[in-house]
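Counting starts at 1 for both ligands and their atoms, following the listed order. Predicted, not measured: the structure shown is a model, and the values here were computed from it. Side chains included, hydrogens not; waters and symmetry mates left out as well; all remaining heavy atoms used.
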Amino acid sequence: MQHASLPISISQITKRYGKTYALDHVDLEIHSGEFLTLLGPSGSGKTTLLTVLAGFTRPDGGSLKFGDTEMVCEPPHKRDVGMVFQNYALFPHMSVLDNVGFPLKLRGVKPGERTQRAERALEMVRLGGYGSRDVEQLSGGQRQRVALARAMVFEPHIMLMDEPLSALDKQLREHMQIELRQLHDKLGMTTVYVTHDQREALTMSDRIAVIHAGRIMQLDTPRALYERPVNRFVAEFIGESTFLPVQVAAGKATLAGQAIQTASPPLHDGPQMLMLRPERLRMLGTDAVAAPSANVFDATVTAIVYQGDSSLFQLALGDGSVVGVRDTSVMRVAAGDRVRLQVDVQDTVLLPAESAG
Ligand code: ADP
Ligand code: MG
């Protein structure tokens, strides 16, 4: 069963609680059938935006369309959205089948058809044959799948999920991330997913909207967000990084007194910030020949931290600034050794100096 799906158009949506802007003039276009994630720290406005979509929160201003239809004033039951929350709120004294069939009962679907459709939804989440069980007999992961089956049993055009996996342990969470994404690909409904976990967002999403203080900082594919963050907040929220001050004069960037080539030309003269991802850096011997498309700096190893699957090396550049390098190979270097640090030009990314987030 391929569900129909609808695009979502969010324009200038604002929600205030007292003086706090939970949502501050949010614009967001979500494509039909897309898996879009709202990623941000606690209190950034993720849940508020999701409840605006569901109709539980009335915004102070702005427009919300599903397809061409204005939805801001529509009550939740007229919105045709399925929802899954962190605490999945199943009815404890009902069977799995009755839980899943409940939304159909609310919509006046007759018992025979109800059972049939609930069983089909359970098969979708790989719980075929579990219908007669009590929900209390199920594991955490199975309960979350029942909640999912209940959210999709009436074949909504839009699916909303608010940190649905955060109560599960790491292994199950990672398994469910893949399963949820596969289910989305099979059913094709427009999905808005909320998480504060950057790895989860990178794993699951077509695009990610990074949200901070009620505003969308950047909307991009996982790769673009990671490799080309627009400011320091996004760069710090996703992945590890070192930030170094850079001077730009006459369009040329210099770091620690040395000219550097950058992934894209500097936007303006003046102070800017260089972002370096530790796993994109390479250490070379002092006599090694650097690649032509790379920046190379003389450095001294100041610390080595063994972390099992990789090691983290701390390097000091000529001007004393410290850079982290992650390496998975076994390096024959020791603290105090002199090395050369190599960064591909495409990984030499400038950010605006003033955007401290
Ligand atoms: P997130 O889901 O990203 O953690 P929320 O959307 O829950 O963030 O909250 C965004 C901001 O709005 C926070 O500052 C929060 O305290 C505030 N807020 C959310 N709901 C209410 C409410 N019902 N009353 C007052 N303030 C609220
Ligand atoms: Mg929340």
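Of the possible donor and acceptor atoms, none in the side chain of Asp206 sits under 3.5 Å from a partner among the backbone N and O of Thr221. With Gln12 contributing its side chain and Asp27 its backbone, the two residues share no donor-acceptor pair below 3.5 Å. Of the possible donor and acceptor atoms, none in the side chain of Asp344 sits under 3.5 Å from a partner among the backbone N and O of Gln346.
In this structure, of Gly40, Gly43, Ala213, Gly18, the residue bringing a heavy atom nearest to atom 11 (C) of ligand 1 is Gly43.
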**OP:** Go through the steps for Leu38 and Val192 under the test side-chain contact (heavy atoms from CB on, under 4.5 Å), then give the verdict.
**Re:** CA-CA 7 Å; Leu38 303 173; Val192 186; 4.1 Å; yes
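A cation-pi arrangement is present between Arg150 and Phe91 under the rule of less than 6.0 angstrom and at most 45 degrees off the ring axis.
Once rounded to the nearest 0.5 Å, the distance linking CD of Gln198 with CG of Leu202 reads 6.0 Å. Taken to the nearest 0.5 Å, the CG atom of Asn99 stands 14.5 Å off from the CZ atom of Arg133.
Between Thr48 and ligand 1, a contact under 3.5 Å exists for at least one N or O pair.
The shortest contact between atom 12 (O) of ligand 1 and any protein heavy atom is with Ala22 CB, 3.4 Å. In terms of protein heavy-atom proximity, atom 3 (O) of ligand 1 is nearest to Lys46 NZ, 2.8 Å. Nearest protein heavy-atom contact of atom 8 (O) of ligand 1 is Gly45 N, 3.2 Å. Shortest contact from atom 7 (O) of ligand 1 to any protein heavy atom: Thr47 CB, 3.8 Å. Of all protein heavy atoms, the one closest to atom 24 (N) of ligand 1 is Tyr17 CD2, 3.5 Å.
Residue-ligand proximity: Pro41 is placed with a non-hydrogen atom under 4.0 Å from ligand 1. Using a non-hydrogen distance threshold of 4.0 Å, Ser42 registers as a contact of ligand 1.
Within the 2.8 Å limit, Ser42 places no N, O or S atom next to the Mg ion (ligand 2).
At a distance under 4.0 Å, no protein heavy atom can be found next to atom 16 (O) of ligand 1.
Residues Met161 and Leu148 form a side-chain contact, since some pair of their non-hydrogen atoms from C-beta on lies under 4.5 Å apart.
Close approach of ligand 1 to Ser44 is summarised as follows: ligand atoms under 4.0 Å from at least one heavy atom of the residue are 1 (P), 3 (O), 8 (O).
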